[in-house]
2 protein chains.
Amino acid sequence: MPDEDRLYQSLKRAILEQRLPPGTRLRELQLAELYGVKRGTVRTALTRLSQDRLIRHRPHAGAQVARPDAGEARDLFATRRILESAVVRMLAGRIDADGLRALRRLLDEEQQAYRQQRPRDGLRLSVQFHAELARMTGNRVVQDFIEELLARTPLVLLSAGPAPRSCVNHDHGAIVDALERGDAEAAERLMQAHLDELEQGFLQPSEPPPADLRALLFDDEEASGECA
Amino acid sequence: MPDEDRLYQSLKRAILEQRLPPGTRLRELQLAELYGVKRGTVRTALTRLSQDRLIRHRPHAGAQVARPDAGEARDLFATRRILESAVVRMLAGRIDADGLRALRRLLDEEQQAYRQQRPRDGLRLSVQFHAELARMTGNRVVQDFIEELLARTPLVLLSAGPAPRSCVNHDHGAIVDALERGDAEAAERLMQAHLDELEQGFLQPSEPPPADLRALLFDDEEASGECA
DNA sequence: AACGGCTTGATTGTCAACAATCGCTTACGG
DNA sequence: CCGTAAGCGATTGTTGACAATCAAGCCGTT
C-alpha cells in the first residue's frame, strides 16, 4: 500500500513544515481527488494521523488539522524538555567525530538557509537537527516520541500566535560544543534554554483563514515564504 | 462509532493484561465474528493499534500482536526511566494529601491482590499505579506517552522471557514515601531501581503457542491465573 | 423583521461483493 | 527420499454503491 503511506507522509510533512495551519478542514473527497486515490485510502491515512494527534476527527464532523490549546502547548514543551535533555545527556562525550561533523554540517546549512531568506528550508533543517540528535542515541523509542513531538510543535506554535515562528536565534551550535566537550550539564541546560526560548515565542491567538489546499500540499520540494 | 472504539479498547486492554501473547495472529473475520461487528470496523481498529506499535501489520500477511526484540525492550525501559523519573521529580513535594491517599490505596489493593493469589488484578493495579503517577502531573502529553509505554511493556517482557513476570517485590511504597517527604532525588533513584528490577526479570526467549482467542479476549472482568 | 421548522446539498459512515495475494498442500520429477 | 512447482483455500485489500448525518438556506407564520 504505497498510496496510503504516500498520503500519510505527505500530510504529516505538510503539517511539520507549517503549510497546513491548525484548524484546516480536510475533506475526504477533496484529498482523494488531489492525490488521485480512492476515498477509502484517504480514510485510513486520516485514521493514522488522528492517532498521532495531528488531526482531530469527530464523528460526522469530518477531520481538521489539530488546534491544540495553551495547555497542550505547555505540556508538549515540558515533555520535549524532559526527552531532549535526556538525549543530550546520553550523547555528551559519547558522540564520535563523524557525528559531530554531521551535526555541524546541519548547523551550517541551517544558518545559510536563514541568511539566504529561505526560512522554510531553515525550519526544516532546524527540525532535522533535533531529529538527528534523537537518532544518534540509538534509542528508537525515544526517537519516535521526539519525532512525534516535532510534528506537533508547529501546531502548538501556530495555534498560540500567528505566523512565522521558530526563526529564533539558533543556539544549536552551543549545544554541539557542549556535546563535544562531554559537558552533559551544560548541554542539558542549553537545550532547556533553547526550548524555553522557542516556547516563549508565543503571542496572542489569531484566526488564520484556511486557504485552498492544493497549493499547500504539493509544495514538497519548493521553497518560498518570508521570515519576520 | 462506539463499535470500533470498543474493539480497540478491548484489544488494547487484553494486551496490557498479558492475555494476548506476542505473535498472536489476529484475523479480521475472526475478530469481526467474536465482537459482532463488520470487518471494516475491525480493520480500522487494527490500523490504530498498529499506529500504537502494539500490533504488526504487514501487507497481505495479516496482523499479529507485536513481538519486540531485545533492542526494543532495552529502548523501551530506558525511555520509561527517563519519563517516569521526570514524573516523580515533578511530583515530589507537590503532591497533596488526597493524592497520597489515592496512591496508598492502590498500593494496598495491589498487595492484597497478590496475597490473595489474584496476580491478574495485581498486575492491573501495578500498571494503574504508574498510570496514576503520570496522571497526577497534569501533563497530558507525558501521560499519553507513559500509557503507551505501559501497554507495550507486557509485550517486551513476554517476548523476552516466558510467563508470569512483573510479580516483582513491589517497592512502590518507598516511592510514595519519598514523594511525601518531597525527596525528589530519592524518588527518582527508587523509580529507576524499580524499573531496572522489572527489566532484569528477563529470561531466555520461548515460543508460547497462540491459543484460542475467545477465552483470552472476553475475560475483561474475570480473575484467574497463578503467579510463579 | 424575527423565529422555527423543513428541504436540500454536501459530507461522512457502512456495507457487501469482488479482486489480489499468500501460505500450504499436493502432485510430480529427479 | 528430497526438492520443486502448480493449485487451492483462506485471508487480506479494494471498490462502488448506499445509508446516515449534519449544516445551511428557504419558506411560511407571527
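So you know, we letter chains A, B, ... as the sequences are listed, proteins then strands, and number each from 1. Note that the structure is a prediction, hence the values are computed from the model and not measured.
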Practice item. Starting from P on C:dC15, measure out to CZ on B:Arg43 and report it in whole angstrom. Key: 15 Å
Study note, to complete from the structure: Here the distance between atom P of C:dC22 and atom CZ of B:Arg58, to the nearest Å, is 11 Å
**Study point:** Which residue lies more 5' along DNA chain D, comparing A:Thr41 with B:Leu29 via nearest heavy atoms
**Key:** B:Leu29
Review point. Can you list the residues that meet the side-chain contact (heavy atoms from CB on, under 4.5 Å) rule with A:Arg140, with sequence neighbours excluded?
Key: A:Gln143, A:Asp144, B:Asp75
Point to revise | Spacing between A:Arg39 atom CZ and C:dT12 atom P, to the nearest angstrom | key: 7 Å
**Study point:** Euclidean distance, atom CG of residue B:Asp3 to atom P of C:dT12 [Å, nearest integer]
**Key:** 21 Å
Review point. Just by distance, do the side chain of B:Ser85 and the backbone of B:Arg81 share a donor-acceptor pair under 3.5 Å?
Key: yes
Check your understanding: How long is the line joining CZ of B:Arg27 and C1' of C:dT21, in whole Å?
Key -> 16 Å
Check your understanding: When the distance from CZ of A:Arg25 to P of D:dC22 is rounded to whole Å, what number comes out?
Key -> 13 Å
Point to revise | Value rounded to 0.5 Å, distance of CD in A:Glu84 from OG1 in A:Thr137 | key: 11.0 Å
Exercise for review: On the 0 to 90° scale, with breaks at 30° and 60°, tag the B:His130-B:His172 ring pair as parallel, tilted or perpendicular.
Suggested key: perpendicular
Revision key, fill the gap. By side-chain contact (heavy atoms from CB on, under 4.5 Å), A:Thr41 pairs with (sequence neighbours left out) A:Asp3, A:Glu4, A:Val37, A:Lys38
Exercise for review: Quick one: label A:Gly40 by what it contacts on the DNA or RNA (base, sugar-phosphate, nothing), any heavy atom closer than 4.0 Å.
Suggested key: nothing
Practice item. Give the nucleotide from the list C:dC15, C:dT12, D:dT11 with an atom nearest to the side chain of B:Lys38. Key: C:dC15
**Study point:** Gap between atoms CG and P, on A:Leu46 and C:dT12 respectively (whole Å)
**Key:** 9 Å
Review point. Which of these nucleotides, D:dC22, D:dT11, C:dC22, is closest to any side-chain atom of B:His60?
Key: C:dC22
Point to revise | Spacing between A:Glu4 atom CD and D:dT12 atom P, to the nearest angstrom | key: 17 Å
**Study point:** Out of D:dG16, C:dT11, C:dG13, whichever nucleotide has its closest atom nearest the side chain of A:Glu28
**Key:** C:dG13
Point to revise | side-chain N/O B:His57 vs D:dG13 OP1/OP2, d < 4.0 Å | key: yes
